[in-house]
Amino acid sequence: METMSNPYPKKMHDTYEDEEERKHFQRIVSAFKYYKNHSLLRVKKTESYLLSLPAHHQRLLSKYREHLQEVKRCIENNDEIIKLIIKDVAHIFENVSPATAQTDSVRKVHLTLNPRPVMADQEKVQATIKQLVRDWSVEGTEERMACYQPIIDEIMNQFPADYCTPSDVQILVPGAGLGRLAYEIARRGYTCQGNEFSLFMLFASHFVLNKCRGVNSYQVHPWVHQYMNNLKPEHQTQAVFFPDVNPSDLPENAQFSMAAGDFLEVYTEDNHWDCVATCFFIDCANNVVQFIETIYKILKPGGIWINLGPLLYHFSDMPMEDSIEPSYDVVRDVIHGFGFQLEKEETRVKTRYAQNVNSMLQCEYNSVYFVCRKPKRHIDNNVNYRNGTESNGMQEQEN
């Protein structure tokens, strides 16, 4: 299955909204395409300065000059992976028909690339490469055990195979990133859908989940852009292989899908999900209260919300963006205010996010982990299960 659902290029008419969506799609493709040039310019700048140093300084830095050649080789290798990620990217979404995909609107994605994408987009390309390590490499195992395993364990505790049919349990993972948490939940037999808004993440997750076959068949150099705090030169140029598992190795009839788009816009059906699992997600909102309210509404009565993560608040102090940044104590009051019953809570959970363990600078979060339940109550109308139709890959989820 080579498509996923998506509201971005949902229709290619000449409306303002559709044109903005097309431009956004085009901008992200441009950012990936410009990765190599942007990254090599950074190395060239360093090389130029190095050549301006006194001759005896240059002699002392001969190993450093050789290292910069290795950095360029790593960038070239990363670019080869990026080419694979964005290959045929205009065709990855189910709700764009092949006929539509041949229109001029889609072809412009390739023909009218921005000549120099903004720095923030380049940083997101680099972050996407690091995310491959976190979600799909042996080197990311420790992070996944700290961040994903408590959620997986709680799901298996709440919905044990001895007392229910896992495929009848519908679990949503908003902010799914490159899809490993959702994949692991589906691998255990549950019906699971990941949701992601970022096209950077969607392009890469589609490549891993639908194009990668076999174990450790590709490699990236995730830390090549980290020029500071390196103990050894090889720590910057380290190669990491991915994926550490074969993404196609799911149980027969596994129900696993990904839906692209804004969480608040895609998920509007009340009383639908048995479980919502959020990891490093709720602080991605301009208004965290709206996220909590939506999670409460879409859960079935008796359904559970499992959360783990910090409160980074991505839109805080971002130009042209509004944001509120309540403390966890206030967030907990909001959770109670909507009617959730807090069943488990743990603070100061040590977690990391796409961290280079060899770096001389380490970043660690004291995250919060909690489990909430939406109280059971009588409902007049039966709620139908929405079962996936694909055993692997992506299923359509219209916005």
Side-chain angles (χ1 to χ4, degrees), residues 5-8 10 17 20-21 24 124 147 151 170-177 181-182 192-202 258-345 347 353 365 367-375 377 379 383 386 397-399:
S5 66
N6 171 55
Y8 285 109
K10 182 168 56 179
E17 182 178 353
E20 289 302 302
E21 290 173 353
H24 175 71
K124 289 178 181 178
C147 297
I151 294 173
Q170 301 213 78
I171 300 174
L172 174 66
V173 181
L181 175 58
C192 187
Q193 181 168 93
N195 165 241
E196 179 56 51
F197 179 76
S198 167
L199 284 176
F200 294 96
M201 296 293 181
L202 289 165
M258 289 283 281
D262 188 321
F263 168 66
L264 297 174
E265 296 178 2
V266 175
Y267 298 97
T268 58
E269 183 178 353
D270 293 356
N271 308 317
H272 181 78
W273 299 92
D274 296 289
C275 174
V276 175
T278 54
C279 185
F280 280 70
F281 173 69
I282 62 172
D283 56 358
C284 296
N286 300 82
N287 175 7
V288 66
V289 178
Q290 193 173 16
F291 269 18
I292 297 169
E293 181 177 32
T294 298
I295 292 169
Y296 187 87
K297 286 183 176 180
I298 67 177
L299 276 172
K300 295 177 183 177
I304 63 166
W305 171 26
I306 309 169
N307 177 78
L308 189 149
L311 290 176
L312 185 61
Y313 291 122
H314 292 223
F315 293 104
S316 180
D317 300 321
M318 187 177 292
M320 310 301 292
E321 289 285 353
D322 295 320
S323 177
I324 58 171
E325 301 90 16
S327 68
Y328 175 65
D329 276 356
V330 175
V331 169
R332 190 203 293 126
D333 290 341
V334 172
I335 290 170
H336 284 300
F338 278 114
F340 274 115
Q341 298 169 344
L342 191 61
E343 296 190 346
K344 295 183 182 181
E345 182 182 43
T347 59
Y353 195 94
Y365 295 98
S367 292
V368 173
Y369 169 77
F370 60 74
V371 180
C372 296
R373 187 176 302 276
K374 180 176 179 177
R377 64 180 183 275
I379 301 178
V383 179
R386 184 191 302 169
Q397 170 73 33
E398 290 287 345
N399 183 7

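Numbers for residues simply follow the sequence, beginning at 1.
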Donor-acceptor contact present, side-chain [X] to main-chain [Y], <3.5 Å:
X	Y	value
Asn195	Gly261	yes
Asp283	Leu312	yes
Lys300	Trp273	no
Arg373	Gly302	yes
Gln193	Leu172	no

Between [X] and [Y], what is the shortest heavy-atom contact and its length?
X	Y	value
Leu308	Ser367	CD2-CB, 4.3 Å
Pro326	Leu311	O-CD1, 3.9 Å
Gly177	Met258	O-CE, 4.1 Å
Ala176	Glu196	N-OE1, 3.3 Å
Phe315	Cys284	CE1-O, 3.0 Å
Ala259	Tyr267	CB-OH, 3.5 Å

Exercise. So Trp305 and Ile335, side-chain contact (heavy atoms from CB on, under 4.5 Å) or not? Walk me through it.
Worked result: CA-CA 11 Å; Trp305 171 26; Ile335 290 170; 3.9 Å; yes
Any [X] side-chain heavy atom under 4.5 Å of [Y] side chain:
X	Y	answer
Phe291	Thr278	no
Arg332	Glu345	yes
Val276	Leu299	yes
Ile282	Asn307	yes
Val289	Phe338	yes
Ile292	Val288	yes
Cys275	Ile306	yes
Phe197	Glu265	no

Exercise. What about the rings of Tyr296 and Phe340, do their centers lie closer together than 6.0 Å?
Worked result: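 Ring centroids of Tyr296 and Phe340 are less than 6.0 Å from each other.
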Exercise. Does the pair Phe280 and Tyr353 meet the rule for a ring-ring contact (aromatic ring centres under 6.0 Å, His included), with working shown?
Worked result: CA-CA 9 Å; Phe280 280 70; Tyr353 195 94; 5.2 Å; yes
For this session: Determine, step by step, whether Val173 and Cys192 satisfy the side-chain contact (heavy atoms from CB on, under 4.5 Å) criterion, reporting the C-alpha distance in whole Å, the side-chain angles of both residues, the deciding distance to 0.1 Å, and the verdict.
Result: CA-CA 7 Å; Val173 181; Cys192 187; 3.8 Å; yes
Problem set entry | Short N-O contact, Lys297 and Glu269, less than 4.0 angstrom |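 A salt bridge is absent here (no side-chain N lies under 4.0 Å from a carboxylate O).
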Exercise. Cut-off 3.5 Å, side chains only: do Ser323 and Asn286 have a donor facing an acceptor?
Worked result: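 Absent: no donor and acceptor within the cut-off.
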For this session: Any chance you could measure Ile324, atom CD1, to Gln290, atom CD, to the nearest 0.5 Å?
Result: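 Spacing of CD1 (Ile324) from CD (Gln290) equals 9.5 Å.
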Problem set entry | Interatomic distance, Asp322 atom CG to Ser316 atom OG [nearest 0.5 angstrom] |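 Between atom CG of Asp322 and atom OG of Ser316 there are 11.5 Å.
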For this session: Please say whether the positively charged group of Lys344, taken as NZ for Lys or CZ for Arg, lies over the ring of Tyr369, i.e. under 6.0 angstrom from the six-membered ring centre and within 45 degrees of the axis.
Result: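 No cation-pi geometry.
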For this session: Sequence neighbours left out, what passes salt bridge (Lys or Arg N to Asp or Glu O under 4.0 Å) with Glu325? Give chain and number order.
Result: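 Expected list: none.
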Problem set entry | From CA spacing to verdict: side-chain contact (heavy atoms from CB on, under 4.5 Å), Phe263, Ile298 | CA-CA 11 Å; Phe263 168 66; Ile298 67 177; 4.1 Å; yes
